[in-house]
S.K.: 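The structure follows.
Values in this document were obtained by computation on a predicted structure and should not be read as measured data.
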Amino acid sequence: MTSTAVEHETLSTAQAINRALRDALAEDPTVLVLGEDVGALGGVFRVTDGLTAEFGEDRCFDTPLAEAGIAGFAVGLAMNGMRPVIEMQFDAFAYPAFEQVVSHIAKMRNRTRGRVELPLVIRVPYAGGVGGVEHHSDSSEAYYAHTPGLHVVAPSNPADAYLLLREAIASPDPVVFLEPKKLYWAKGEVAFRAGAEPGIGRAVVRRPGTDATLIAYGPSVPVALEAADAAARDGRSLQVVDVRSIVPFDDATVCAAVESTGRAVVVAEASGFASVASEIAARVSERCFHSLAAPVRRVTGFDIPYPPPKLEHLQLPSVDRILDAVDDLQWEDA
Amino acid sequence: MAIDVDLMLPSPEPVALLDPDGRPTAGDDDALPPADDLLRGLAGMVTARRFNEQSSVLVRQGRLAVYPSSYGQEACQVAAAQVLGDEDWLFPTYRDTAAAVARGVDPVEVLGLLKGDWHSGYDPYERRVAPLATPLATQLPHAVGVAHAARLRGESTVVLAMCGDGATSEGDFHEALNFAAVFRAPVVFFVQNNQYAISVPLARQSAAPSLAHKGVGYGVPGELVDGNDLAALLHVLSGAVARARAGAGPQLVEGRTYRMQAHTNADDATRYRSDAEVAAWAAKDPLLRLDAYLRAAGVLDDSRAAAHADDAERLARHTRDGLNVDVVPDPEDLFRHVYSRPTPQLVEQLALVKDELSRDEPGRDETSQEETR
C-alpha cells in the first residue's frame, strides 16, 4: 500500500463493497470473486457489477447453483494459494453450506495446527427490512458467531463496508461478512486510505452520550442513532456504540462505553433467544456489573420465524421499542 | 456440440487385467502395466497390509483410539498413490491411511488423528496429501478447488480424491462432480466401493447400475474397475490422471472391492453380513493374485518377496515405535491455532486454563509461560 493522499467519495454501501472488491482484485492477483449471478448480472444486488468485465472470467465468475459446493470449492482454492471471496446470495440460502463453513472453513487452521490457513471471505446479504419474501431476511449471525474459527463482521455504513471488506480479504483467517440488505442503498462518505486503523476486532462509539449506551451492529445502528436523536429531543443523552466486529468482540470499547453511562440497551434484529444480543448483554453484565445502575436490556426481533413483508415492521427493533427499553432502565434509582 | 453418451458410460463389467488366480484376463501380458510398476505396487501392498495389521494391533493395545482398516482394499490404496506425481494432490478419507503412507507421509503422523494427540498429524503441503476427511464427501469440493487454483496458475497438477460407496449418497459428492465438470477441473474421483457403509449395503445407497454410472449425469466419464486388481487399477487410474492433466477434465472411477474387516474395532460385522460372503471375497485377495502373476511371469522370487516383507516390517516397527511414544499434548495448542492471532477472549481463556494447570501441577506453568505470544 502506498501513502498517497486520502481519497474520498460518496457511495452507497453496495457501491462501497463493489469498490472494495475492485481494489482487492486489482491489487492482488490471487483474489477471486465467485458465486451465483456475480458475473454478467453483477449480483442480484449489483454488488459485483462490472467486475467480470474489468478483470475477466477467471477472476470474477458464476458458479453452479450450489452453496455447499461454492463454500467447499473455496476451501480448495484457499488451500492452494488463492483468496476467494464467495457470495451467498441470501442469508437463508447459505444454509446448505453450513457443514462446509462449520466443519471445514472454521476448523482447517486448527486441525492442521496452523499449517493450512484459509484466507477466504463469505459475503452474506443479510437481515430484513426490505420487503423480502420468505427466506430472504434472516439474521443468521448467531450461527456463525457461535462457531470458533470464524471472524464475523457486520458494517453499518458505506465507509465501514469498504474498510472491513478490504481487511477481511487481506485476513489470513476466514471472515463471514454480513451485508445489511437494508443499507445497500444508504449513501455515505467513503475514505480509501492506506494504513487505516483496523476495523475487525474494534467497536466504535458512533455518538457520544452520557445517560445510557445503545449497543448495536449492522442494520440496527441507524435505528439506534435515530432513537438517540429522538431521546435528545426529550432531554436524554444516549451514547451509541457500533459493535462492527461480532467476532472478535471488542469487550474493551463496549465496556468502557457502558461504564461511562451506567446503563445499556442492546439492539439487534435477530430473534433474541440465544442470540448475539444475549451474548453482548451477558458480557456487559459480567464485566460492568459494578457500574450498572440497571439491568442490561435487549431490544431484538421476537422468537418467531421472520414475518412476511406486511408484518415485518413489527419484528424489527423500532425507535419506539428502543426508547421504551431506555425508559425502563430504573431512572428513579439513579 | 454432440455428446457421445456411450463414451461416458463405464463398461458393464469391471475392467480386470488379472483374474483372481493371477492369470492375465486377455491371455497375454500385452495389456498389463510394465512389470516394474506391478512389482512396485506389490511391494506397496505388502507394506499396506502390514500397516493395516499393525494398526489394528495398536488399537487392541490402546495406542490408537480407533482404526478404520483398509485390509483387503490395499490395491486401491496403493494404486491411488502410485499413479500420482510429486506435483499432484491426494485427498484421502479416514480409511485411506494406507494410501497416505504409500504417498510417503510418515505413518506415525498419518495415525495422529486416530491416536488422539491432534486432529491432523501431518503437514498437508509436505507430500500434498490433504488432511484425512472424517465427514463424508465434504473433501471432494475441496479437491476441485485445489485443482482449479492450479489450473488458473497454469500448473499441470492433478488431484485424486477418494471416497467410499456411502459417500456417493451425500450432496457434496454431487456438487463436487458437478463443479469439476463445469470448470473442467483436473480431478480424478476414485470411489472405493467396499460394499458397505458401516452396516448399510450398497443396495440401500444407490439404485444406479453402478456408482461409476453416476458420472454421466454431470458430464463426467465413468469407469468401473476391479478394485482388487492392482494392474487394472494402475491402468485405469493412470489413464484418468493423464487425461485430466491433458485438459480433458474430471473422471469418476469406481473400484469394486470389499472391506474384509469390520468398519472399525467398535463395529460388529457379523450382524450384517455372512461368513460365506466374506470368504468369497477373501478368495479375490489383491495381494495373492498379483503375487501369483509376478511369480508365474518370473519377475518375483522368494528373495524379492522376502525383501518386500522386510520393508513392510521396518515400516511396522517405525509405526509401533512412534505410537508407543507418549506425547504430552500442550494445552496451549487448544488456543494457538483457532485464528492466526488469538482473540482477546481466547487470551483470557488460555490464562484460565494455565491458572488451573498451575494449581493442579506445580511447575508446569513456568514452562508454557515462555511460549506465550
S.K.: Out of F91(B), F179(B), F183(B), return the one with the most heavy atom pairs under 4.5 angstrom to chain A.
M.R.: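 It is F179(B).
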S.K.: Can you tell which part of I70(A) gets under 4.5 Å to a heavy atom of chain B, answering side chain, backbone, both or neither?
M.R.: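 For I70(A), heavy atoms of backbone and side chain both lie under 4.5 Å from chain B.
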S.K.: Is E348(B) paired with R287(A) through a side-chain N to carboxylate O contact shorter than 4.0 Å?
M.R.: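 Salt bridge between R287(A) and E348(B), a charged N being under 4.0 Å from a carboxylate O: yes.
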S.K.: Please round to the nearest 0.5 Å and tell me the distance separating atom OG1 of T343(B) and atom CD1 of I200(A).
M.R.: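 If we round to the nearest 0.5 Å, T343(B):OG1 and I200(A):CD1 are 13.0 Å apart.
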S.K.: Please report the interatomic distance CD(Q139(B)) to OG(S103(A)), rounded to the nearest 0.5 Å.
M.R.: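 Reported value, rounded in 0.5 Å steps: 12.0 Å.
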S.K.: Check whether A176(B) gets within reach of chain A through its side chain, its backbone, both or neither, counting any heavy atom under 4.5 Å.
M.R.: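 Nothing of A176(B), per the 4.5 Å heavy-atom cut-off to chain A.
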S.K.: Counting heavy-atom pairs closer than 4.5 Å to chain B, which one of A68(A), G149(A), A66(A), P29(A) comes out on top?
M.R.: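 Of the candidates given, the most pairs with chain B belong to G149(A).
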S.K.: Roughly how far, to the nearest 0.5 Å, is the CZ atom of R113(A) from the CG atom of D117(B)?
M.R.: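 D117(B) CG to R113(A) CZ: 7.5 Å, rounded to 0.5 Å.
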S.K.: As an exercise, state the distance from OH of Y122(B) to CZ of R115(A), rounded to the nearest 0.5 Å.
M.R.: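 If we round to the nearest 0.5 Å, Y122(B):OH and R115(A):CZ are 10.5 Å apart.
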S.K.: Donor-acceptor pair, Q100(A) side chain versus T138(B) backbone, under 3.5 Å?
M.R.: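 Looks like yes, one N/O pair under 3.5 Å.
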S.K.: Roughly how far, to the nearest 0.5 Å, is the CG atom of N110(A) from the CH2 atom of W118(B)?
M.R.: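 If I round to the nearest 0.5 Å, the distance is 4.5 Å.
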S.K.: Kindly give the heavy-atom pair with the smallest separation between P141(B) and G69(A), and that separation in Å.
M.R.: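 Here P141(B) and G69(A) meet closest at CB-O, 4.3 Å.
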S.K.: Relative to chain A, which segment of L177(B) carries a heavy atom at a distance below 4.5 Å: side chain, backbone, both, or neither?
M.R.: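 Neither part; nothing is under 4.5 Å.
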S.K.: Select one option (side chain, backbone, both, neither) describing which atoms of D172(B) are under 4.5 Å from chain A's heavy atoms.
M.R.: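 Only the side chain of D172(B) comes within 4.5 Å of chain A.
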S.K.: Does atom CZ of F335(B) have more than 12 heavy-atom neighbours, drawn from other residues, nucleotides or ligands, at distances under 6.0 Å?
M.R.: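 Yes - once you tally the heavy atoms of other residues, nucleotides and ligands closer than 6.0 Å, there are more than 12.
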S.K.: Taking all atoms of both residues into account, what is the closest heavy-atom pair of N80(A) and A150(B), and its distance?
M.R.: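 N80(A) and A150(B) have their closest heavy atoms at ND2-N, 3.6 Å.
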S.K.: Taking all heavy atoms of V116(A) and all of P124(B), pick out the closest pair and write down the distance.
M.R.: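 The answer is CG2-CG, 3.6 Å.
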S.K.: Select, from H142(B), R153(B), E175(B), the one with the greatest count of heavy-atom pairs under 4.5 Å involving chain A.
M.R.: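 Looking at each of H142(B), R153(B), E175(B) in turn, H142(B) comes out on top.
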S.K.: What pair of heavy atoms forms the shortest contact from R111(A) to L132(B), and how long is it?
M.R.: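 So the two residues come closest at NH2-O, 3.1 Å.
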S.K.: Looking at Y339(B) and R109(A), would you say the former's side chain and the latter's main chain have a donor-acceptor pair under 3.5 Å?
M.R.: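 No, because the side chain of Y339(B) does not come within donor-acceptor range (under 3.5 Å) of the backbone of R109(A).
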S.K.: For P248(A) and Q345(B), work out which heavy atoms get closest and say how close.
M.R.: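 Looking at all heavy atoms of both residues, the closest pair is CB-OE1, 4.4 Å.
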S.K.: So, taking the atom named CG in L34(A) and the one named NE2 in H148(B), what distance separates them when rounded to the nearest 0.5 Å?
M.R.: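 Taking CG in L34(A) and NE2 in H148(B), the distance rounds to 8.0 Å.
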S.K.: Please rank L150(A), T30(A), L32(A) by heavy-atom pairs under 4.5 Å with chain B and give me the top one.
M.R.: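 So the answer, after comparing L150(A), T30(A), L32(A), is L150(A).
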S.K.: Has H119(B) got more than 12 heavy atoms of other residues, nucleotides or ligands less than 6.0 Å from its NE2?
M.R.: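 For H119(B), atom NE2 is crowded (more than 12 foreign heavy atoms under 6.0 Å).
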S.K.: If I measure from the heavy atoms of chain A, does L334(B) come under 4.5 Å with its side chain, its backbone, both, or neither?
M.R.: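 Backbone only.
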S.K.: Chain A heavy atoms under 4.5 Å from V144(B): which part of the residue, side chain, backbone, both or neither?
M.R.: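 Backbone plus side chain of V144(B), per the 4.5 Å heavy-atom cut-off to chain A.
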S.K.: Which atom names give the shortest non-hydrogen contact between T112(A) and P131(B), and what distance separates them?
M.R.: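 Reported closest heavy-atom pair: CG2-CG, 3.7 Å.
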S.K.: What part of F249(A) gets closer than 4.5 Å to chain B, counting heavy atoms only: side chain, backbone, both or neither?
M.R.: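 For F249(A), heavy atoms of backbone and side chain both lie under 4.5 Å from chain B.
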S.K.: Let me know if R59(A) has heavy atoms under 4.5 Å from chain B in its side chain, its backbone, both or neither.
M.R.: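 No part of it gets close to chain B.
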S.K.: Of the backbone (N, CA, C, O) and the side chain (C-beta and beyond), which part of E57(A) lies under 4.5 Å from a heavy atom of chain B, both, or neither?
M.R.: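 It is neither, since no heavy atom gets under 4.5 Å.
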